[in-house]
J.: 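Provided herewith is a single structure, encoded as structure tokens, for subsequent inquiry.
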Amino acid sequence: MQNRDLPAGGTAAPEVVRMPHDHPLRRFIPEPEATSTFKNDVVDVLGQGICSGEMPPGHVLNMDELATRFGVSRPVVREACGVLSSLGLVVSRRRAGTVVQPQDQWELFNSEVIRWRLNSPGRASQIRELSELRSSVEPDAAVLAAERATLGERAEITTLINELLAAGAARDIPAFHSADKRFHAAVMTSGHNAMFAHLHHFVEGTLESRYRQGLMPDEIDPLALVWHRELGEAVVAGDAQAARAAALNIVTRSAEEMIELSQLPVTRPIPRRTRGAVPAQG
């Protein structure tokens with residue numbers, strides 16, 4: 001299958017031209033997630049504060065102050081700090097207490113850390129880093145999927161791409177997002193490379209964070225639907241070169257949309273996963 005949007009070989013990042021919409025690009029703001037706990041509230045607000053730089057490296061978290069601030073017990077605060085510690089955002093030190101860690105200690109592939117960074121003043125840097133990593137990984141994963149996917153995996157990818165295209169055509173953004181995550185995970189795992197397969201969690205986390213932070217358009221670019229279809233068809237047909245080209249197109253355009261949308265005003269607040277003691281940044 002020939003992809004006319006890339007030169008032969010598909011190794012260079014393409015110049016992506018978005019197909020025109022009937023209206024300017026606008027954010028899609030999802031509905032808030034249904035579940036929440038007091039611990040998650042504390043985790044979310046503190047995680048956001050650390051990733052935004054409000055609480056810089058070396059800042060000490062005072063358990064009593066936090067319990068008062070959130071109106072929760074000290075055990076709840078300790079549990080929340082345990083979650084942040086598992087993500088590398090804080091460390092418990094004898095005599096010093098719970099201290100904020102520098103960024104080089106964070107679990108940067110974690111979906112929550114990605115989401116917090118996307119909602120911080122350093123958003124542009126996070127988008128660039130995500131794009132560079134995805135561009136380095138997903139095209140090669142697509143090649144392996146085209147070469148190694150089983151008949152069952154190719155059938156699943158066909159089903160997912162049909163679901164994704166139907167949701168896109170119907171402008172059903174939540175349904176498209178759900179199918180898109182499962183489609184990219186299927187491509188990442190169908191190459192039967194354990195390292196790439198493990199990274200599908202990072203790709204899913206990136207897509208989920210993009211969705212939750214209002215960095216998806218309210219109408220899917222028709223050209224993006226074409227590229228998704230081309231990727232699915234290339235994997236099913238065993239066309240490695242076309243799979244690489246389509247995957248690179250998708251990743252490149254996704255980063256461009258995130259940057260463009262991040263510069264637009266938010267028409268209504270971006271909902272938090274939790275009750276949210278601190279309003280999300282626009």
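Starting from 1, each residue takes its place in the sequence as its number. Keep in mind that what you see is a predicted model, and the values were worked out from it rather than measured.
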J.: Answer yes or no: is there a donor N or O on one side and an acceptor on the other, between the side chain of R148 and the main chain of G191, under 3.5 Å?
T.: yes
J.: Between S92 and T98, is there a donor-acceptor pair closer than 3.5 Å when you use the side chain of the first and the backbone of the second?
T.: no
J.: To the nearest 0.5 Å, what is the distance between CG (L87) and CG (N110)?
T.: 4.5 Å
J.: Specify the closest pair of heavy atoms between V91 and R93, including all atoms of both residues, with the distance to one decimal.
T.: CG1-NE, 3.5 Å
J.: Looking at every non-hydrogen atom in both residues, tell me the closest pair between L264 and R26 and how far apart they are.
T.: CD1-CA, 4.2 Å
J.: Please list all pairs passing the ring-ring contact (aromatic ring centres under 6.0 Å, His included) test where one or both residues lie in residues 79-99, with sequence neighbours left out.
T.: none
J.: Could you walk me through whether Y211 and I173 pass the side-chain contact (heavy atoms from CB on, under 4.5 Å) check?
T.: CA-CA 9 Å; Y211 177 76; I173 304 303; 4.2 Å; yes
J.: Between E230 and A242, is there a donor-acceptor pair closer than 3.5 Å when you use the side chain of the first and the backbone of the second?
T.: no
J.: If every non-hydrogen atom of A186 is compared with every non-hydrogen atom of L160, which pair is closest and at what distance?
T.: CB-CD1, 3.9 Å
J.: Taking the side chain from R244 and the backbone from V143, do they hold a donor-acceptor pair closer than 3.5 Å?
T.: no
J.: Say whether W106 and V99 are linked into one hydrophobic cluster, either directly or through other cluster members, by side-chain heavy-atom distances under 4.5 angstrom.
T.: no
J.: What's the verdict on side-chain contact (heavy atoms from CB on, under 4.5 Å) for L215 and F28, showing C-alpha distance, side-chain angles and the deciding distance?
T.: CA-CA 7 Å; L215 295 176; F28 173 81; over 6 Å; no
J.: Hey, what do you get for CG (L207) to CZ (R182), rounding to the nearest 0.5 Å?
T.: 12.5 Å
J.: Where do Q241 and D239 land on the side-chain contact (heavy atoms from CB on, under 4.5 Å) test, with the steps shown first?
T.: CA-CA 6 Å; Q241 179 175 321; D239 189 336; 4.0 Å; yes
J.: Does P174 offer a backbone N or O that forms a donor-acceptor pair with the side chain of S178 under 3.5 Å?
T.: no
J.: Look up atom CD1 in I250 and atom NE2 in H228, then write down how far apart they are to the nearest 0.5 Å.
T.: 4.0 Å
J.: Closer than 3.5 angstrom, by distance alone: can the side chain of S190 be matched with the main-chain N or O of V187 as a donor-acceptor pair?
T.: no
J.: Using side-chain heavy atoms (C-beta onward) and a distance below 4.5 Å, is S209 in contact with R212?
T.: no
J.: Please test Q101 against H59 for side-chain hydrogen bond (donor to acceptor under 3.5 Å, both in side chains), starting from the C-alpha separation and ending with a verdict.
T.: CA-CA 8 Å; Q101 291 272 72; H59 178 86; over 6 Å; no
J.: Do W116 and D44 come close enough that some side-chain heavy atom pair is under 4.5 Å?
T.: yes
J.: What pair of heavy atoms forms the shortest contact from A80 to V42, and how long is it?
T.: CB-CG1, 3.5 Å
J.: Looking only at the side chains, is there a donor atom on one of N40 and T37 sitting less than 3.5 Å from an acceptor on the other?
T.: yes
J.: Quick check against the 3.5 Å criterion: does R27 have a side-chain atom that pairs as donor or acceptor with the backbone of G214?
T.: yes
J.: State which residues pass side chain to side chain donor-acceptor pair (under 3.5 Å) with R210; sequence neighbours excluded, sorted by chain then number.
T.: S254, E257
J.: Are V60 and V43 connected in a single hydrophobic cluster, I mean Ile/Leu/Val/Met/Phe/Trp/Tyr linked by side-chain heavy atoms less than 4.5 Å apart?
T.: no
J.: Evaluate the salt bridge (charged side-chain N to carboxylate O under 4.0 Å, His left out) criterion for residues E260 and R253: first the C-alpha distance (whole Å), next the side-chain angles of each, then the deciding distance (0.1 Å), finally the verdict.
T.: CA-CA 10 Å; E260 187 174 348; R253 181 56 196 154; 3.8 Å; yes
J.: Are L199 and V251 in one and the same hydrophobic cluster, where Ile, Leu, Val, Met, Phe, Trp and Tyr link if side-chain heavy atoms are under 4.5 Å apart?
T.: no
J.: Could you tell me whether R117 and E129 have a side-chain N and a carboxylate O separated by less than 4.0 Å?
T.: yes
J.: Applying side-chain hydrogen bond (donor to acceptor under 3.5 Å, both in side chains) to T158 and R154, what does each step give before you reach the verdict?
T.: CA-CA 6 Å; T158 298; R154 294 175 200 270; over 6 Å; no
J.: R123 and L118: which non-hydrogen atoms are nearest, and at how many Å?
T.: NE-O, 2.6 Å
J.: In terms of heavy-atom contacts, does NE2 of H198 have more than 12 from other residues, nucleotides or ligands at under 6.0 Å?
T.: no
J.: Distance-only, no hydrogens or angles: does the S52 side chain make a donor-acceptor pair with backbone N or O of G49 under 3.5 Å?
T.: yes
J.: Distance from S131 atom OG to E256 atom CD, nearest 0.5 Å?
T.: 8.5 Å
J.: Look up atom CG in L223 and atom CG in N249, then write down how far apart they are to the nearest 0.5 Å.
T.: 7.0 Å
J.: Which heavy atom in A141 sits nearest to a heavy atom in M188, and how many Å separate them?
T.: CB-SD, 3.6 Å
J.: Test side-chain contact (heavy atoms from CB on, under 4.5 Å) on L46 and F70; report intermediate values, then the result.
T.: CA-CA 11 Å; L46 294 181; F70 292 103; 4.3 Å; yes
J.: If I take atom CG from residue L89 and atom CG from residue L61, how far apart are they, to the nearest 0.5 angstrom?
T.: 10.0 Å
J.: Salt bridge check: are E65 and R69 linked by an N-O gap of less than 4.0 Å?
T.: no
J.: Just do the salt bridge (charged side-chain N to carboxylate O under 4.0 Å, His left out) check on E219 and R171 with the steps written out, would you?
T.: CA-CA 6 Å; E219 179 182 346; R171 300 184 181 183; 3.4 Å; yes
J.: Please evaluate residues H184 and E138 with respect to the criterion side-chain hydrogen bond (donor to acceptor under 3.5 Å, both in side chains), reporting the C-alpha separation (whole Å), side-chain torsions for both, the decisive distance (0.1 Å), and the verdict.
T.: CA-CA 9 Å; H184 283 280; E138 291 191 61; 3.3 Å; yes
